[in-house]
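Reading through the structure tokens given below for one structure.
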2 protein chains.
Amino acid sequence: MAKRKAVSIKDVARESGSSLTTVSLVLNKRDRRISEATRDRVLQTVQRLGYRPSRLAQGLQSQRTYFLAILVPQLRHAFADAYFGEIISAIHDHARSAGYKVLLEVADEDFLGTRQHLELFDRHFVDGILCLGVTNRDDYLSDFERHDTEQAARPRPVIIVNNYLPGHRFNFVRCDYHEAGRMACEYLLELGHRAIALIHGAAEVQTTHDFRAGIEEALARAGLKLTPQRIEDGFYTEEGGAEAAAKLLKRDRAITAIIAGNDKMAIGAISNLKESGLRVPADVSVVGCDDMHQAAFCDPPLTTIHTPIYEMGERACDRLLDLIEGKVASVEETHPVTMCVRKSASAPRTE
Amino acid sequence: MAKRKAVSIKDVARESGSSLTTVSLVLNKRDRRISEATRDRVLQTVQRLGYRPSRLAQGLQSQRTYFLAILVPQLRHAFADAYFGEIISAIHDHARSAGYKVLLEVADEDFLGTRQHLELFDRHFVDGILCLGVTNRDDYLSDFERHDTEQAARPRPVIIVNNYLPGHRFNFVRCDYHEAGRMACEYLLELGHRAIALIHGAAEVQTTHDFRAGIEEALARAGLKLTPQRIEDGFYTEEGGAEAAAKLLKRDRAITAIIAGNDKMAIGAISNLKESGLRVPADVSVVGCDDMHQAAFCDPPLTTIHTPIYEMGERACDRLLDLIEGKVASVEETHPVTMCVRKSASAPRTE
DNA sequence: TTCTGCTAGTAAAAGGTTTTACTAGCTTAT
DNA sequence: ATAAGCTAGTAAAACCTTTTACTAGCAGAA
């Protein structure tokens with residue numbers, strides 16, 4: 001019944017008839033000085049007692065936790081989202097292969113109000129943080145801005161994943177949403193579309209503006225403009241995409257193609273178009289962005305821009321480790337995207 | 001340039017002119033013995049120096065980590081899944097409100113091969129583990145089975161979330177998939193269906209069998225049987241659901257309704273049926289199970305069984321804390337499900 | 001012989017907290 | 001007057017590692 005205590009390095013030392021220093025040296029492979037006989041004796045005792053060093057004590061000593069935090073924005077049940085899920089997956093996989101564990105945190109009012117993002121570092125919860133779904137209203141980020149003039153008291157390695165904030169000195173790894181917008185739009189232009197509308201994501205997300213700028217650039221080259229009445233906000237959700245599509249076509253029946261800032265909005269839009277009796281792509285073409293898993297399974301399968309989300313997560317994690325280990329002082333990376341053609345876009349209807 | 005050291009309780013003691021014990025007593029509210037003057041002096045110093053206790057040191061002392069691990073099965077990018085995401089979300093929310101942090105782990109070959117599930121406890125990574133997506137091939141679970149005859153050396157609190165393994169003494173919180181199968185089937189029977197097929201999930205998952213048993217019970221009451229040729233495995237994925245639907249209808253054109261073990265397979269099935277020129281629900285009705293967010297946004301909106309996934313996660317987390325704190329010795333809970341009628345099922349076609 | 005240098009190992013400090021057991025100084029009771 | 005008890009606080013142990021600085025014993029060199 002008695003709750004036996006966990007076995008510690010002291011027990012191993014006693015049982016193997018050597019000092020605790022010796023045990024530690026053996027276990028940490030700094031054992032050049034230790035004779036083979038002693039080493040074997042220690043190792044056998046470790047095995048026999050089932051000794052496992054406590055990471056709390058190790059962390060206390062090394063001042064390292066080998067934990068990373070993933071900071072996710074507050075959404076409806078934040079982790080039930082395919083986009084974030086994919087990135088989290090990538091980070092987890094990479095972190096583990098590098099010997100790190102991964103902590104989940106949601107950056108909601110409660111979390112930020114109690115300044116938990118700083119406590120994560122100051123109370124030795126983690127060695128670094130990866131920020132997902134960042135917006136330009138996330139003021140807390142300024143606590144992590146780089147000041148190259150003077151080194152911070154204790155560095156707090158942080159990376160923004162698949163986004164950035166222009167005019168600030170944050171570390172980021174992202175893919176090129178300007179290019180994504182341009183590619184989507186040029187694809188539709190080549191198919192012959194002239195009346196192209198945009199359902200964009202939340203305005204407080206920088207990539208939203210990049211995406212739009214890319215579209216406008218492509219349109220401009222074709223001598224076209226993106227008028228305000230051909231733009232709607234879809235808030236990155238299915239519902240938002242559906243409503244936005246309804247509004248757009250109510251205002252302007254001439255629209256033959258819609259570009260959505262992500263796949264969820266594209267799927268929402270398609271669902272609404274079909275409900276109101278329009279065929280996709282025969283009547284209206286739809287192009288998404290992200291190429292999430294589900295994109296291949298909707299009806300029709302979604303033509304979209306493939307953004308290498310998983311690779312972004314991996315890469316961001318890898319660079320964060322570089323920051324933690326002091327191998328680099330800053331990270332600012334932008335990666336390319338590719339076109340992914342399926343069935344939701346075709347030549348425009350001829351009226 | 002110098003990396004200044006973090007401020008510790010010693011600094012606060014020195015600066016406030018009191019002993020380190022006093023500071024600790026004040027901070028832990030065991031300060032009945034400390035005069036108000038001293039308390040204020042200490043608190044002010046804490047504020048001024050920005051002192052935050054290290055959780056590594058606290059953990060070392062208390063032998064508690066206030067971390068929980070979520071153990072997820074290895075799937076294609078495990079966290080990009082709506083079902084698991086929802087549960088993770090629930091666990092995170094509840095854990096945080098109780099002062100716990102949440103660790104993510106994937107139970108893959110590498111993880112289990114190095115017996116990380118035990119290290120999580122033995123090396124003081126976590127106080128408890130929540131297992132998601134458990135199958136009867138997860139042998140590692142036996143390391144966590146309850147042995148009521150004798151108390152384990154150190155208890156290792158573990159809960160299986162939304163599943164169970166019959167014939168074993170595991171802690172679990174789940175919802176009633178037998179009832180779910182029965183409800184889905186009875187609904188279709190009431191609509192007039194007689195040729196009902198099943199796309200079930202992975203056979204190594206216990207709830208798969210419960211779900212099927214529920215269906216068979218309902219069919220039996222109506223004097224019907226579920227013949228082997230009206231059953232296919234859809235592996236819980238969209239692709240699997242699509243293929244299963246194709247096989248079923250190829251084998252037996254008489255089928256008028258399909259029940260799928262989860263919404264993903266139902267959506268995959270619908271996608272395949274439509275591709276092969278069948279209308280849903282006019283030609284074939286489809287009923288899913290889970291009621292994930294996306295179920296409302298497919299075409300047609302999915303009729304499904306609502307399983308209270310989020311609540312399962314919350315509840316499991318709460319009960320795990322009870323186990324950790326020794327308030328209970330075991331947990332075995334089964335919760336009810338409800339029918340969610342949308343548009344993917346109707347009366348059968350009349351030929 | 002005495003010094004140097006090496007081998008194989010160990011004692012002790014450090015890392016930061018909580019908690020137990022103790023004390024100095026005072027008040028109250030007998 | 002003295003014992004008992006209380007108040008406000010502190011010293012030290014305990015939690016478990018890693019790492020630094022040291023030592024005993026011995027071989028080889030001068």
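Bear in mind that the values here come from a model prediction, so they are computed numbers and not experimental data. Only heavy atoms go into these numbers, but all of them, side chains included; no hydrogens, no water, no symmetry mates. Just so we're on the same page: letters track the sequence lines, and every chain starts at 1.
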Expressed in angstrom and rounded to an integer, what is the separation of B:Gln63 atom CD from C:dT19 atom C1'?
-> 14 Å

What does A:Ser8 touch in the nucleic acid at a heavy-atom separation under 4.0 angstrom: a base, only the sugar-phosphate, or nothing?
-> sugar-phosphate

Using the ring of each side chain (for Trp, its six-membered ring), is A:Tyr140 parallel, tilted or perpendicular to A:His117, with breaks at 30° and 60°?
-> perpendicular

Sorted by chain and residue number, the side chain to side chain contact (heavy atoms under 4.5 Å, CB included) partners of B:Ser62 (sequence neighbours excluded) come out as B:Arg64

Of all residues at least two apart in sequence or in a different chain, which pass the side chain to side chain contact (heavy atoms under 4.5 Å, CB included) check with B:Arg14?
-> B:Asp11

Of the listed C:dG9, C:dT17, D:dT17, the closest approach to the A:Ile34 side chain comes from C:dG9

Have a look at B:Gln61 and say if it touches a base, only the backbone sugar-phosphate, or nothing, with a 4.0 Å heavy-atom cut-off.
-> base

Whole-Å distance, A:Leu60 CG to D:dT18 P, equals 11 Å

Does A:Ser35 make a side-chain N or O approach to OP1 or OP2 of C:dG9 shorter than 4.0 Å?
-> yes

Determine the contact category for A:Ser54: base if any of its heavy atoms lies under 4.0 Å from a base atom, sugar-phosphate if only primed atoms, P, OP1 or OP2 are that close, otherwise nothing.
-> sugar-phosphate

To the nearest Å, give me how far apart NE2 (B:His124) and C1' (D:dC15) are.
-> 9 Å

Could you check how far CG of B:Leu20 sits from C1' of C:dT18, rounded to whole Å?
-> 9 Å

Kindly give the heavy-atom pair with the smallest separation between B:Tyr100 and B:Glu325, and that separation in Å.
-> OH-OE2, 3.9 Å

How many Å lie between CZ on A:Arg64 and C1' on C:dG15, as a whole number?
-> 15 Å

In whole Å, what is the span from the CG atom of A:Leu25 to the P atom of D:dT18?
-> 9 Å

Output all residues satisfying salt bridge (Lys or Arg N to Asp or Glu O under 4.0 Å) with B:Glu15, sequence neighbours left out; order by chain, then residue number.
-> B:Arg48

B:Leu27 CG to D:dG9 P, in whole Å, measures 15 Å

Would A:Arg156 and A:Asp143 pass as an ion pair if we require N to O under 4.0 Å?
-> no

Test side chain to side chain donor-acceptor pair (under 3.5 Å) applied to A:Asn136 - qualifying residues, sequence neighbours left out | none

Under-4.0 Å salt bridge between A:Glu204 and A:Arg137 = yes

With a 4.0 Å heavy-atom cut-off, tell me which residues in residues 40-49 of chain B come close to DNA chain C, sorted by residue number.
-> none

Selection: residues 10-18 of chain A, any non-hydrogen atom under 4.0 Å of DNA chain D = none

Between the protein and nucleotides 22-26 of chain D, which nitrogen or oxygen pairs are less than 3.5 angstrom apart?
none

With sequence neighbours excluded, tell me which residues meet ring pair (Phe, Tyr, Trp, His ring centres under 6.0 Å) with A:Phe67.
-> B:Phe67

Want to settle it: does A:Ser62 or B:Ser19 sit nearer the 5' end of DNA chain D, counting the closest nucleotide to each?
-> B:Ser19

Any N/O donor-acceptor pair, B:Thr22 side-chain to D:dA8 base, under 3.5 Å | no

Work out which heavy atom in B:Cys317 is nearest to a heavy atom in B:Ala95; give both atom names and the distance.
-> SG-N, 3.7 Å

Counting only side-chain N and O atoms of B:Thr21, is one of them less than 4.0 Å from OP1 or OP2 of D:dT10?
-> no

Test: B:Arg96 and A:Asp108 ion pair at under 4.0 Å | yes

Between D:dT19 atom C1' and A:Asn28 atom CG, what is the distance in whole Å?
-> 10 Å

Only counting residues at least two apart or in another chain, list the ones meeting side chain to side chain contact (heavy atoms under 4.5 Å, CB included) with B:Thr114.
-> B:Asp110, B:Gln116

With sequence neighbours left out, the residues meeting side chain to side chain contact (heavy atoms under 4.5 Å, CB included) with B:Gln63 are B:His124

Remember a base hit wins even if backbone is also touched, and classify A:Thr38 as base, sugar-phosphate or nothing at under 4.0 Å, heavy atoms.
-> sugar-phosphate

Sequence neighbours excluded, the answer for salt bridge (Lys or Arg N to Asp or Glu O under 4.0 Å) partners of B:Glu332 is B:Arg146

As a check of understanding: the bend across the helix from C:dT1-D:dA30 to C:dT30-D:dA1, end axes from five pairs, rounded to 10 degrees, works out to 80°

Minimum side-chain heavy-atom gap A:Arg174-A:His335 below 4.5 Å = no

Across the strands shown, which category fits B:Leu56 at heavy-atom distances under 4.0 angstrom: base, sugar-phosphate, nothing?
-> nothing

